[in-house]
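Notes follow once the structure below has been shown.
Note that the structure is predicted; figures quoted are calculated from it, not measured. Here is the naming used below: chain letters follow the sequence lines, and residue numbers restart at 1 for every chain.
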Amino acid sequence: VAGSNRTGAGGNDVQWCFSQVKGAIDDDVAEADIISTVEFNHSGELLATGDKGGRVVIFQQETENKCQPLSRSEYNVYSTFQSHEPEFDYLKSLEIEEKINKIRWLPQKNAAQFLLSTNDKTIKLWKISERDKRPEGYNLKEEDGRYRDSTTITTLRVPVFRPMDLMVEASPRRIFANAHTYHINSISVNSDNETYLSADDLRINLWHLEITDRSFNIVDIKPANMEDLTEVITAAEFHPHQCNTFVYSSSKGTIRLCDMRASALCDRHSKLFEEPEDPSNRSFFSEIISSISDVKFSHSGRYMMTRDYLSVKIWDLNMENRPVETYQVHEYLRSKLCSLYENDCIFDKFECCWNGNDSVVMTGSYNNFFRMLDRSQRRDVTLEASRESSKPRQVLKPRRVCAGGKRKKDEISVDSLDFNKKILHTAWHPQENIIAVATTNNLYIFQEKVN
Amino acid sequence: MRRNSAVRASMCRLDVESAVKEVGQSIGDVLSSPRYVLGRGVKRKLVDCEDPVPDLPYPLQRQLVMDLCLDKLQSCHRRSEPSLHRSVLLANTLRQLQQEMRQEGGGLSPTLAAACPAHAAPATPRHTPDLPPVPSDCVLAEEALPSLTSCHDLIFGSFEITNSTSYLTDLAPDDIFDDIDTSMYDPSDFSVLAFPSLRVGSGAPSTNGEEGLKTFSSCSPSSALQHRLSDLNDLDQIMEILVRS
């Protein structure tokens, strides 16, 4: 009864409240500030964003009241660094963008944190470490570093560590370069914590985290004759528990599951996931909208989720011929595909994510809307990340889009949607109901309402 | 040396006035919105009525989509963020439409189909005579269709990120000098220069010991040149000579 009036989705009638927004408040968007990737680390304590300017900003969750698990915790800037710089391909007269395409955290092994960040061409392993002590009392140096005149040294002392203001340092530990001819779209750390894969449009490479001068090519779909090219790789991910298994999705709406034990070059898939097209929905754009923009395994490893232009599909790894669940993200756009094709929005690549217990999935849409799809309760809700709903702890109201006919109060008509405001990147805290939603240049953090 | 920072090279052809809707947004709001910085345009909305496509007869719909497809394929290189994924999808769509048209318009003269397959439709009695006019870029369309062979290399071949120095050794010597305009260099003028034996095109290699600079004739496309090309310093010096003169 308590939940009967609530329309929130997110498992057990979660209501979402605004928590924080990061980024410039004014409407003047600098291109470098456009957020291009968002990722929580394995504990959820750290939240990393990458932007078009090649920078990584890491936020840390402040848990001041650890004894109150549901206390409002804030994410504050922990570290900012320039991960990638623009490069220039002189022969093609093309700039290699510094935009960070993906960030993936390594599981924490010691006091330092490690993450992989990648642009189109180069992957880098960054170490983020804290320094809160510094040595003082050197014999040969002054505190500012100048060397002392050795004739003035008459006594000997042992340097000691003294506390200092916390300094967070990011340093590049490995640079994995020159292994990709095409643009890198995915990286995925293996469950063995030793290897990771990187995927571009036509190839997937396997790396060892310690070795930068070599990588193994494990998938190659480049045809001998480029004229025959009809399909590209759009995303790839390792299985969360089986270190020999990975999947990759394609622009034709298929997902291939590969087993690295089968052969060195995994050109032959172990499983091919594909749903036959619904003939009643056939249009000029059928192939374009079937292109998968993201693939994510569930935390359990039993399912995987794919995102294409109009829908989210949940697949059982044991069933290849169709998904077990399909959710429409914004079906009202189906009749607008030609316009979306004309303005290029049809090529937008939306990501998707699971919540901690795999009961709810989330993905973005236009007009700064994002969708929460509750698998267990078979409910879905549309929420909006906007400045207007940014008062502290303000509960998000569900939004409704009117596809046609009479528009009810509080509904927004399809023709009024702003297609420049797109939410492509979202992330869900691995354990708690805290989500990070990236609009063009702002990062919104929403939390479950705490009574 | 950054390219145009606009996210999209081509704006959708929308009417600004009709784009403003009643949902509490004034035109002033729209004009000052971040979209002006990003996309050089106003709030991007769909055409203010229903998608126009369903109102057109199917062949015209197909024609519209095909024209858009060609447009986009041609502008691939002008985009600030070229995408192989996008190009492949466009090429597939185009191919699919062509196949469809070919199947429907069976009985087309092959020459007509080859010349301008995008507008092969007018030739068959099934289609209405007043179709959209042949676009001025039909020549390129011809190149891009029907087999998309040459276009593929153009489109797909350019997405590779190359290692610049090794690429040079693989290139044929001609290609390097394709963009150097040598038309203004009359060989007879070269006598006033420090390198009297300069000549465009192949010629007997003549020595010039001045500062160890190679003569221009040594840059003629010949097989003996291949190893020289890998020495970028020579190329730089040659360019300096040309620019100075």
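- Proximity to chain B (any heavy atom under 4.5 Å) is shown, for A:E87, by neither the backbone nor the side chain.
- Within 6.0 Å of CZ in A:R282 there are more than 12 heavy atoms belonging to other residues, nucleotides or ligands.
- Aromatic ring orientation, A:F347 versus A:Y341: tilted (interplanar angle from 30° to 60°).
- Contacts between A:F285 and chain B at a heavy-atom distance below 4.5 Å involve the side chain alone, from C-beta outward.
- For the residue pair A:N217 / A:N205, a side-chain donor-acceptor distance below 3.5 Å is found, with atom types taken as modelled.
- Remark: A:T118 OG1 to A:H84 NE2 distance equals 5.5 Å, nearest 0.5 Å.
- Stacking of A:R399 on the aromatic ring of A:F369 is not recorded, the 6.0 Å distance cut-off and the 45° axial limit not both being met.
- For A:I346, no part lies under 4.5 angstrom from a heavy atom of chain B.
- Heavy atoms of A:S286 lying under 4.5 Å from chain B are absent altogether.
- Only the side chain of A:S291 comes within contact range of chain B, judged by heavy atoms closer than 4.5 Å.
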